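Notes follow the structure.
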Amino acid sequence: MKKILSTVLALVAVTSLFAAPKKAANKVINLWSFTDEVPGMVEKYVAAHPELGVTVNTTIIATTDGAYQPALDQALQNGGKDAPDIYCAEAAFILKYSKGDMESYAAAYKDLGIDVDKKAKAAEIAGYTIDIGSNTKGQIDALGYQTTGGCFIYRRSVAKAVFGTDDPAAVQKAIGGGSGKWDAFFDAAAKCADNGVAIISGDGDLWHAVENSSDKGWIVDGKLYLDPKREAFLDYSKSLTDNEWSNGTRDWQDAWFADMKGVGAKPVLGFFGPAWLINYTIAPNCGGSSVGEGTYGDWAVCNSPIGFFWGGTWVLANKNMAKAKKAAVKAIIEWITLDTSNDGLLYKWANGTLNGEGGTKDTVASGVVLAKSNGELPFLGGQNMFDYFIPANQYANGKNLTQYDESINMVWRDQVRAYAAGQKSRADAIKDFKQTVADTLGIEY
């Protein structure tokens, strides 16, 4: 009996060796972001590539009230199986993660196995995005999929009323597009006012162009620095207010959106911004979804007087991730940021085909992809926006950012508004700006 039992047990053991192995549990990729944009991309890629053997655990925390960064920092510092493997950072704070206080957690793309220098050159990745995403050793540890070089986005009907034409080349000349200075723009503001038109909605529409045109950032040699070009924003804002050249709105508030629909205090000629401002802000607030409804179809773009960029999202990988996840993370990041094929994220994003035909078109980081993509939009009266946004991406400067920009910009904008409204003197506005930065961030002037 014992012999029979031992024989049976031996057969069971042998059978188990040759039985079909159980399917290995999927590797979990922890993805952190502040919107659902990148998670949506990754979901598409993972679904199309089951051979990766991964599932994605997504954490989305909005940047509202500054909630995202502290949570992300803690998760990176705590480490362990729940730490982010892929994480996102936007323009306002990317330098903190690419070359600032949290740089040490980011994996250089080359350490993921990506031949990033060669691929970035071949893809013609916009230079400012590389500058921003490079660490203190000059290695790329973050790249974006968008480019956010800015143009002047204007109402065709309003341009005709003021300048007698809506032709982009003529409007560009009238506002000094590509001139590198603001003289013609403010001359155009006076002409707009004579015709009952505000050239822009509020001073915030001008700020991003001014901010990015500065020669130096907010911090120089560890101290607060007020670049003369940024200081001049005090005078620009005051002129806009005193001469009623704008509608005096604040960006991201109801009156700002009303001007996009054409129902504000006065008709507004235009807004400064990248392609995403058209797609995700002006279009949803234009009052219609087809030509003839609201201001839909009554828009066009031309060059800004000053080259600038506004916003963007960079994608990073945690250098402390488990080795078993590295190949999948590499594949995901490379597909999002460097793949120039028609099946890559960049092509789908540029042509609005990520979720099928007819989606939102956007400018992307690869010049190669943009060159083979169609940027025509009914919203812009059929204009190909890439004709202007491709060079705008080349004019953008990424060398004047700091990891403290988000916080310092808020303080600066508050002081500028107070001065423009006549609530304090120019000297007091600057003095209070320096003191507030010192008090809140510990950065002396």
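In this text the structure is predicted, and so the values were computed from the model without any measurement.
S214 OG to L401 CG: the interatomic distance, rounded to the nearest 0.5 Å, is 8.5 Å. Interatomic distance, CZ of R250 versus OG of S201, reported as 12.5 Å (0.5 Å rounding). Considering CD of Q383 and CG of D166, their distance stands at 9.5 Å, rounded to 0.5 Å. Taking CH2 of W32 as the start and CG of L72 as the end, the distance is 6.0 Å to the nearest 0.5 Å. The CG atom of L380 sits 11.0 Å away from the CG atom of D387 when rounded to the nearest 0.5 Å. To the nearest 0.5 angstrom, K330 atom NZ is 13.0 Å from D111 atom CG.
A cation-pi geometry, defined here as NZ or CZ lying under 6.0 Å from the six-membered ring centre and within 45° of its normal, holds between R230 and W218.
Note: F272 and F185 meet the aromatic proximity criterion, with ring centroids under 6.0 Å apart.
For the pair K96 (side chain) and Y404 (backbone), a donor-acceptor distance under 3.5 Å is absent. N279 places a side-chain N or O within donor-acceptor distance of the main-chain N or O of K361, the cut-off being under 3.5 Å. Side-chain atoms of T402 never come within 3.5 Å of backbone atoms of G217 as a donor-acceptor pair (strictly under, hydrogens ignored). Checking side-chain atoms of T353 against main-chain N and O of G356 turns up no donor-acceptor pair under 3.5 Å. A donor-acceptor pair under 3.5 Å is absent between the side-chain atoms of N247 and the main chain of T249, judged by distance alone. No donor-acceptor pair under 3.5 Å is formed between the side chain of D36 and the backbone N or O of P39. Panel note: side chain T295, backbone M260; a donor-acceptor pair is recorded below 3.5 Å. Checking side-chain atoms of N393 against main-chain N and O of F389 turns up a donor-acceptor pair under 3.5 Å. Side-chain atoms of D298 come within 3.5 Å of backbone atoms of S157 as a donor-acceptor pair (strictly under, hydrogens ignored). In this structure a side-chain-to-backbone donor-acceptor pair under 3.5 Å is missing from T129 to L143.
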Step by step, would you call L345 with Y45 a side-chain contact (heavy atoms from CB on, under 4.5 Å)?
-> CA-CA 9 Å; L345 181 278; Y45 185 76; over 6 Å; no
Report the C-alpha separation of F93 and D405 in whole Å, then their side-chain angles, then the decisive distance to 0.1 Å, and conclude whether the side-chain contact (heavy atoms from CB on, under 4.5 Å) test is met.
-> CA-CA 7 Å; F93 52 82; D405 286 357; over 6 Å; no
How far apart are the C-alpha atoms of K372 and N342, what are their side-chain angles, what is the distance that settles it, and do they pass the side-chain contact (heavy atoms from CB on, under 4.5 Å) test?
-> CA-CA 9 Å; K372 65 177 180 178; N342 289 9; 2.9 Å; yes
Test log, rule side-chain hydrogen bond (donor to acceptor under 3.5 Å, both in side chains), inputs W256 and D205 | CA-CA 10 Å; W256 192 58; D205 296 303; 2.9 Å; yes
Go through the steps for Y236 and F186 under the test ring pair (Phe, Tyr, Trp, His ring centres under 6.0 Å), then give the verdict.
-> CA-CA 9 Å; Y236 300 157; F186 285 110; 5.3 Å; yes
K261 and N285: CA distance, side-chain angles, deciding distance, side-chain contact (heavy atoms from CB on, under 4.5 Å) verdict = CA-CA 6 Å; K261 191 177 180 180; N285 290 285; 5.9 Å; no
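A side-chain donor from one of N30 and N57 sits under 3.5 Å from a side-chain acceptor of the other. No hydrogens or angles considered: nothing links the side chains of Y105 and D141 as a donor-acceptor pair under 3.5 Å. Between the side chains of N384 and E376, not a single donor N or O lies within less than 3.5 Å of an accepting N or O. Between the side chains of N135 and S98, no donor-acceptor pair is found at a separation under 3.5 Å. Between the side chains of Y68 and T59, not a single donor N or O lies within less than 3.5 Å of an accepting N or O.
Using a 4.0 Å cut-off between charged side-chain N and carboxylate O, E103 and K99 make no salt bridge. Salt-bridge check for D343 with K348: passed, with a basic side-chain N closer than 4.0 Å to an acidic carboxylate O. The pair K229-D215 meets the salt-bridge criterion, since a charged nitrogen lies less than 4.0 angstrom from a carboxylate oxygen. The pair K110-D117 does not count as a salt bridge, with every side-chain nitrogen at least 4.0 angstrom from each carboxylate oxygen. Ion pairing between K216 and D227 fails under the 4.0 Å rule for side-chain N and carboxylate O.
With a 6.0 Å radius and a threshold of 12 heavy atoms from other residues, nucleotides or ligands, N78 has its CG atom above the threshold. For K173, the NZ atom is loosely surrounded, since the number of other residues' heavy atoms within 6.0 Å does not exceed 12. Applying the 6.0 Å contact sphere to CD of Q253 captures more than 12 heavy atoms from other residues, nucleotides or ligands.
For the side chain to side chain contact (heavy atoms under 4.5 Å, CB included) test, residues two or more places apart in sequence or in another chain that qualify with A418 are Q423, K424.
When side chains are defined from C-beta on, S246 does not count as touching I199, because their heavy atoms never get closer than 4.5 Å. Side chains of L269 and I200 form no contact here, defined as non-hydrogen atoms less than 4.5 Å apart. Between L316 and I94 there is a side-chain heavy-atom pair separated by less than 4.5 Å. The shortest distance between side-chain heavy atoms of Q403 and D101 falls below 4.5 Å. Put simply, the side chain of I60 does not reach to within 4.5 Å of the side chain of T35, judged on heavy atoms. Side-chain contact check for S407 versus L441: some heavy-atom pair is nearer than 4.5 Å. Side-chain atoms of Y296 and P378, non-hydrogen and from C-beta on, do get closer than 4.5 Å to each other.
Between W252 and F257, the ring-plane angle classifies as perpendicular under the 30° and 60° cut-offs. Using bins of under 30°, 30° to 60° and over 60° for the plane-to-plane angle, the ring pair Y87/Y97 lands in the perpendicular bin.
Between F233 and the choices W182, W207, F433, the ring-ring contact (aromatic ring centres under 6.0 Å, His included) rule is met once, by W207.
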